[in-house]
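Worksheet: one structure, shown below.
Numbered from 1 within each chain, the chains take letters A, B, ... in sequence-line order. In this text, all values refer to a predicted model and were calculated from it rather than measured experimentally.
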Amino acid sequence: DAGVTQSPTHLIKTRGQHVTLRCSPISGHKSVSWYQQVLGQGPQFIFQYYEKEERGRGNFPDRFSARQFPNYSSELNVNALLLGDSALYLCASGVREGISPLHFGNGTRLTVT
Amino acid sequence: GNSVTQMEGPVTLSEEAFLTINCTYTATGYPSLFWYVQYPGEGLQLLLKATKADDKGSNKGFEATYRKETTSFHLEKGSVQVSDSAVYFCALSDLFAGKSTFGDGTTLTVKP
């Protein structure tokens, strides 16, 4: 079975631009979470979606938004990019919301110049 | 809020040495605890988990016991291999928050 897939793998953007990151969960998984991993730190929770509804939001500004589609895939959007948004963005899927081991994709490396 | 504190790295060991990576947590309620591993160039993979106090999670020779009295979940392995070289993350998941909180990771390098 295919794992969690993310696209693109790498992305370079300029300050002020907008970016859309995409994620396809493992087949049968209905929960998708997004994390930001800055070099040398652990992943920081951004959003969780379950059954197309937002179930949790981390301490990130409103420039960050996400949505989940009927096929359970998800997009993370970031507006007005800042240099500090440069990070590895990880998508994780789970069988259900709440306490459930996460299955991570390999991430999208975003560089903002 | 919830938090996870891991021992600082990097940790360098010789093959067949004993490994301990310390992890302590702060949480309201009764979280589940996890260890994830990240190999170079890859995403995080679940290594083991424990869902309630005194549970022991184990996988690939690694073990960790959920200690509620000391709020700890230390990772151990009796004999490490070069292939165990990776970054290890301790994490907790809170039912009500529906998210996971991660430590900053501990880099392990095993030398032959």
With chain A as the partner, which of B:Asp104, B:Leu46, B:Val87 has the greatest number of non-hydrogen pairs under 4.5 Å? B:Asp104
Quick one: what part of B:Gln6 sits under 4.5 Å from any heavy atom of chain A, side chain, backbone, both or neither? neither
Measure distances from A:Gln37 to the heavy atoms of chain B and classify the residue's part below 4.5 Å as side chain, backbone, both or neither. side chain
Measure the acute angle between the ring planes of A:Phe45 and A:Tyr35, then classify it against the limits of 30° and 60° as parallel, tilted or perpendicular. perpendicular
Let me see the working for B:Glu15 and B:Gln81 under side chain to side chain contact (heavy atoms under 4.5 Å, CB included), right down to the final yes or no. CA-CA 5 Å; B:Glu15 208 165 21; B:Gln81 305 300 311; 3.3 Å; yes
Would you call A:Arg15 and A:Asp85 a salt bridge, taking side-chain N to carboxylate O under 4.0 Å as the test? no
So for atom CD1, which belongs to A:Ile12, do other residues, nucleotides or ligands contribute more than 12 heavy atoms lying within a distance under 6.0 Å? no
Contact winner vs chain A - B:Leu92, B:Leu44, B:Thr107, B:Thr101, heavy-atom pairs under 4.5 Å: B:Leu44
